[in-house]
Amino acid sequence: MRSQIEVAARRAGREPDSIKLVAVTKMVEIDEIKEAARAGVEAFGENYVQESREKIRQVEQAKEWHFIGRLQSNKVRQVLGLFDLIHSVDRFSLAEQIQKRAEQKELIQQILIQVNISGEETKSGVERDEAITLINRVKGFPGIALRGLMTMPPYFDDPEMARPYFRILREIRDKAEGQCGISLPELSMGMSGDYQVAIEEGATIIRVGTAIFGPRD
Ligand SMILES: *Cc1c(COP(=O)(O)O)cnc(C)c1O
């Protein structure tokens with residue numbers, strides 16, 4: 001996996017070390033996660049709160065956990081402080097809840113804003129026209145460190161088809177940095193089928209499940 005990331009990075013004229021691999025472990029057994037950690041994977045991504053709490057407790061070898069799934073406001077209390085990065089903040093009410101709980105726990109939660117670039121109704125994410133407004137409303141929260149943006153393009157058989165979505169996310173990020181006066185270094189984009197293209201378009205975090213653990217049931 002790491003060597004394929006290196007190839008894609010070098011092709012794009014980027015440092016391989018500037019790209020973080022998050023191994024996505026939804027529905028993956030604990031023993032398999034431990035094996036991946038032993039093989040050198042440092043960061044793991046989970047979609048479901050219940051499932052992840054058990055895994056985080058048991059897989060001590062993991063260095064980082066990322067929350068990448070849809071997050072309900074009433075689950076914020078359970079995830080806060082458990083995850084190094086929450087990728088899926090897509091509405092102001094959720095950010096408010098994170099801010100409130102972070103203050104109570106006296107911690108700073110790192111987050112990304114998830115943007116729905118395709119406009120598909122089944123996808124989470126703030127609409128692309130509203131991303132900058134949301135960033136502006138969240139950036140001053142003392143309990144939140146806003147690190148960047150995340151997106152999930154529609155599924156395509158041909159990864160080249162995903163390229164425009166990755167490019168648009170980068171452009172929104174560049175525009176937001178200018179208009180909001182903050183730095184947004186992280187772009188979480190690219191999955192098993194399209195991470196090479198995402199790296200070429202500037203991904204700093206890729207979220208890969210199937211290509212590491214095989215197909216999910
Ligand atoms: C499942 C999932 C992934 C990984 O998908 P693969 O195609 O298995 O690599 C990445 N991101 C999110 C948000 C996911 O839910």
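Both ligands and their constituent atoms are indexed starting at 1 by order of listing.
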The option among Met152, Met27, Arg216 carrying the non-hydrogen atom nearest to atom 13 (C) of ligand 1 is Met152

Give a yes-or-no answer on whether the side chains of Ser88 and Arg70 include a donor-acceptor pair shorter than 3.5 Å. no

Could you tell me how the ring of Phe67 sits relative to the ring of Phe83: parallel (under 30°), tilted (30 to 60°) or perpendicular (over 60°)? perpendicular

Between Gln196 and Glu200, is any side-chain donor less than 3.5 angstrom from a side-chain acceptor? no

Strictly by modelled atom types, are Glu120 and Thr122 linked by a side-chain donor-acceptor pair under 3.5 Å? no

Counting heavy atoms under 4.0 Å, the part of Lys26 that contacts ligand 1 is side chain

Quick one: look up the protein heavy atom nearest atom 9 (O) of ligand 1 and list residue, atom name and how far away it is. Ser192 OG, 2.5 Å

Name the closest protein heavy atom to atom 10 (C) of ligand 1, giving the residue it belongs to and the distance to 0.1 Å. Met191 SD, 3.2 Å

Go through ligand 1 atom by atom and flag the ones less than 4.0 Å from a non-hydrogen atom of Val208. 9 (O)

Rounded to the nearest 0.5 Å, how far does OH of Tyr165 lie from CG of Leu169? 13.0 Å

Do any nitrogen or oxygen atoms of Gly209 lie less than 3.5 angstrom from nitrogen or oxygen atoms of ligand 1? yes

Give the atom numbers and elements of ligand 1 that come within less than 4.0 Å of a heavy atom of Ile68. 11 (N), 12 (C), 13 (C), 14 (C)

Decide yes or no for Lys20 and Thr204: does some side-chain heavy atom of the first lie under 4.5 Å from some side-chain heavy atom of the second? no

Can you tell whether the side chains of Lys100 and Glu103 come within less than 4.0 Å, N to carboxylate O? no

What atoms in ligand 1 come closer than 4.0 Å to a heavy atom of Arg207? 4 (C), 9 (O), 10 (C), 11 (N), 12 (C), 13 (C)

Of Ile212, Thr210, Thr151, Asn47, which has the heavy atom at the shortest distance from atom 7 (O) of ligand 1? Thr210

